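What follows is one structure encoded as structure tokens, with my remarks underneath.
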Amino acid sequence: MSTTDPTGHIPPSAPVPGGTAHAAKEAAGKGAGKEAGKTSGKGAAKGAGKAAGKARAQGSIVPSATIAGRALVAVVAIMTFLAAITIGTALAVRTTASQWRSDVTREVTIQIRAGDAQATDAQVQAAADIARRTPGIADAHVLTPEETARLLEPWLGSGLDLGDLPVPRVVVLRLDGSGTADLARLKRTLTDKIPTATLDDHRSWSRRLVAVTDAVMLIGIVLVGLVGLATILSVVFATRAAVATNRSVVEVLHFVGARDGFIAAQFQRHFLKIGTQGGLIGGLAATAVFGAVAALPQFGLGGDPELPTVLGWLHPGVWGFLGIALAVVVVALATALTSRLTVYRTLRTIQ
């Protein structure tokens with residue numbers, strides 16, 4: 001049946017075949033666009049969710065076994081070793097100097113210039129008697145020629161006849177520790193009664209020893225500070241490199257709503273492991289070095305106990321080993337904290 005009237009016009013209510021096709025195309029296009037948008041959004045969200053889930057399943061978004069990670073472990077180990085050696089050496093110097101000073105302050109010496117043998121012997125005995133009568137003096141010991149020769153042996157050698165040399169006689173006074181000895185009065189008494197006698201309380205030597213010890217401790221503190229600064233800078237650069245390498249993963253985690261604390265915790269855990277490994281390696285190496293030095297006397301390599309060499313007194317003691325252990329803990333914690341702060345600052349640039 002024709003849809004035209006007798007006059008040849010098309011009624012307004014009659015459907016137009018061409019228009020129907022056009023409208024259908026528009027509707028189909030809109031529906032396809034909506035479905036494609038939904039599919040694309042769901043796919044992106046699904047992919048992001050899978051990436052985040054994978055990162056959580058792996059326990060860390062930072063690869064644990066990389067060349068950079070192993071290199072950083074080596075750097076941290078070297079820095080910890082240097083810091084531990086510095087701490088142990090400084091404390092060993094302080095302990096040894098304290099022992100020397102304690103020994104020195106407990107003793108005072110009287111020297112009598114050499115002269116006629118009989119007159120010198122009489123003067124030595126008189127000086128010892130005066131010292132014994134002085135309050136605060138526990139004992140006065142006159143060194144024999146053999147004892148004097150052993151004291152001079154490091155400079156003059158052994159087997160020498162000291163009878164032909166003008167070697168002064170020495171009287172060693174041991175203080176009782178009460179602090180009541182009036183050394184100034186004793187010095188005046190000796191000068192008045194025995195003009196050839198001189199009293200040495202080793203105060204100037206003790207002051208120089210204290211100054212040297214303080215200088216060594218100060219140098220040790222500066223060196224430890226420099227080593228710590230170098231370690232922190234190394235961790236900062238390594239953390240930035242790790243964030244840049246895993247930037248895509250970090251951005252995906254941001255897309256699914258991960259907080260900065262979660263991302264920073266992943267890096268912190270990774271670098272805490274690195275700091276702990278490097279710190280333990282460096283600390284154990286330094287402990288092995290000091291242990292080997294302490295064992296040298298057992299093999300006859302530490303020198304004469306009466307004439308200790310550098311290796312003989314280079315022993316950090318209990319406090320030194322505790323300082324090394326503390327250095328290991330501080331390095332591990334500083335590495336983790338530095339990486340966390342660096343990640344926070346880097347994430348601000350990503351956002």
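For clarity, every value in this text was computed on a predicted model and none was experimentally measured.
Using a 4.5 Å cut-off on side-chain heavy atoms (C-beta onward), Val328 and Leu280 make contact. With a 4.5 Å cut-off on side-chain heavy atoms, Leu152 and Val167 count as touching. Side-chain contact check for Leu143 versus Val172: some heavy-atom pair is nearer than 4.5 Å. Counting only heavy atoms from C-beta outward, the side chains of Val216 and Arg94 never approach each other to under 4.5 Å. Side-chain contact between Val289 and Phe81 is present, with at least one heavy-atom pair separated by less than 4.5 Å. Val170 has its side chain out of reach of Ile110: every pair of non-hydrogen atoms, C-beta onward, lies at least 4.5 Å apart.
Within the structure, side chain to side chain donor-acceptor pair (under 3.5 Å) pairs that include any residue of residues 275-289 do not occur (at least two apart or interchain).
By the neighbour-count criterion of 12 heavy atoms within 6.0 Å, atom CZ of Arg340 is densely surrounded, having more than that number from other residues, nucleotides or ligands. Counting non-hydrogen atoms of other residues, nucleotides and ligands closer than 6.0 Å to CZ of Phe237 gives a total of 12 or fewer. Within 6.0 Å of CZ in Arg345 there are 12 or fewer heavy atoms belonging to other residues, nucleotides or ligands.
Note: the hydrophobic cluster containing Leu183 also contains Val171 (ILVMFWY, side chain heavy atoms under 4.5 Å, direct or indirect links). Both Val343 and Val249 are members of a single hydrophobic cluster when ILVMFWY side chains are connected at heavy-atom separations under 4.5 Å. Hydrophobic cluster membership is shared by Val243 and Phe262, with clusters built from Ile, Leu, Val, Met, Phe, Trp and Tyr side chains linked at under 4.5 angstrom. The cluster map of Ile, Leu, Val, Met, Phe, Trp and Tyr, joined by side-chain heavy atoms under 4.5 Å apart, puts Val142 and Leu175 in the same cluster. Under the 4.5 Å side-chain heavy-atom criterion for Ile, Leu, Val, Met, Phe, Trp and Tyr, Ile85 and Leu284 are members of distinct hydrophobic clusters.
From Ile194, atom CD1 reaches atom CZ of Arg113 across 11.5 Å, with rounding to the nearest 0.5 Å. For the atom pair Leu272 CG and Leu337 CG, the distance stands at 10.5 Å (nearest 0.5 Å). Once rounded to the nearest 0.5 Å, the distance linking CD1 of Ile274 with CZ of Arg269 reads 13.5 Å. Rounded to the nearest 0.5 angstrom, Leu333 CG and Gln268 CD are separated by 9.5 Å. Residue Arg188 holds its CZ atom at 6.5 Å from CG of Asp182, rounded to the nearest 0.5 Å. Leu190 contributes atom CG, which lies 12.0 Å from atom CZ of Arg185 (distance to the nearest 0.5 angstrom).
Taking 4.0 Å as the cut-off between side-chain N and carboxylate O, Asp121 and Arg169 count as a salt-bridged pair. A salt bridge links Arg247 with Glu251: the closest approach of a Lys/Arg side-chain nitrogen to an acidic carboxylate oxygen falls below 4.0 angstrom.
Leu91 and Trp319 get closest at one heavy-atom pair: CD1-O, 3.6 Å. In plain terms, the two heavy atoms of Ala84 and Phe290 that are nearest each other are O-CE1, 3.9 Å. In terms of heavy-atom proximity, Val76 sits nearest to Gly275 at CG1-O, 4.0 Å. Among all heavy-atom pairs drawn from Leu72 and Ala238, the shortest one is CD2-CB, 3.6 Å. When all heavy atoms of Pro316 and Gly88 are compared, the pair lying nearest together is CB-O, 3.6 Å.
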Got a list of side-chain donor-acceptor pairs under 3.5 Å for residues 222-235, not counting sequence neighbours?
unit_1	atom_1	unit_2	atom_2	d
Thr231	OG1	Val227	O	2.9
Ser234	OG	Ala230	O	2.9

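Looking only at distances, a side-chain donor or acceptor of Ser339 sits under 3.5 Å from a matching main-chain atom of Ala336. When atom types are taken as modelled, the side chain of Arg132 and the backbone of Ala140 share a donor-acceptor pair closer than 3.5 angstrom. Glu147 places a side-chain N or O within 3.5 Å of a backbone atom of Thr144 that can act as its donor or acceptor partner.
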Show the numbers, then the answer: is there a side-chain contact (heavy atoms from CB on, under 4.5 Å) between Ile137 and Asp176?
CA-CA 6 Å; Ile137 303 296; Asp176 60 7; over 6 Å; no
Residue pair Arg174, His141: steps toward the side-chain contact (heavy atoms from CB on, under 4.5 Å) verdict:
CA-CA 8 Å; Arg174 185 169 58 86; His141 173 66; over 6 Å; no
Taking it one step at a time, do Thr342 and Phe267 satisfy side-chain contact (heavy atoms from CB on, under 4.5 Å)?
CA-CA 10 Å; Thr342 304; Phe267 286 89; over 6 Å; no
So Val108 and Asp200, side-chain contact (heavy atoms from CB on, under 4.5 Å) or not? Walk me through it.
CA-CA 6 Å; Val108 179; Asp200 185 6; 5.9 Å; no
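Not a single side-chain hydrogen bond (donor to acceptor under 3.5 Å, both in side chains) links Thr120 to another residue, sequence neighbours left out.
Applying side chain to side chain contact (heavy atoms under 4.5 Å, CB included) to Leu186 and the options Leu173, Thr191, Asp201 leaves one that passes, Leu173.
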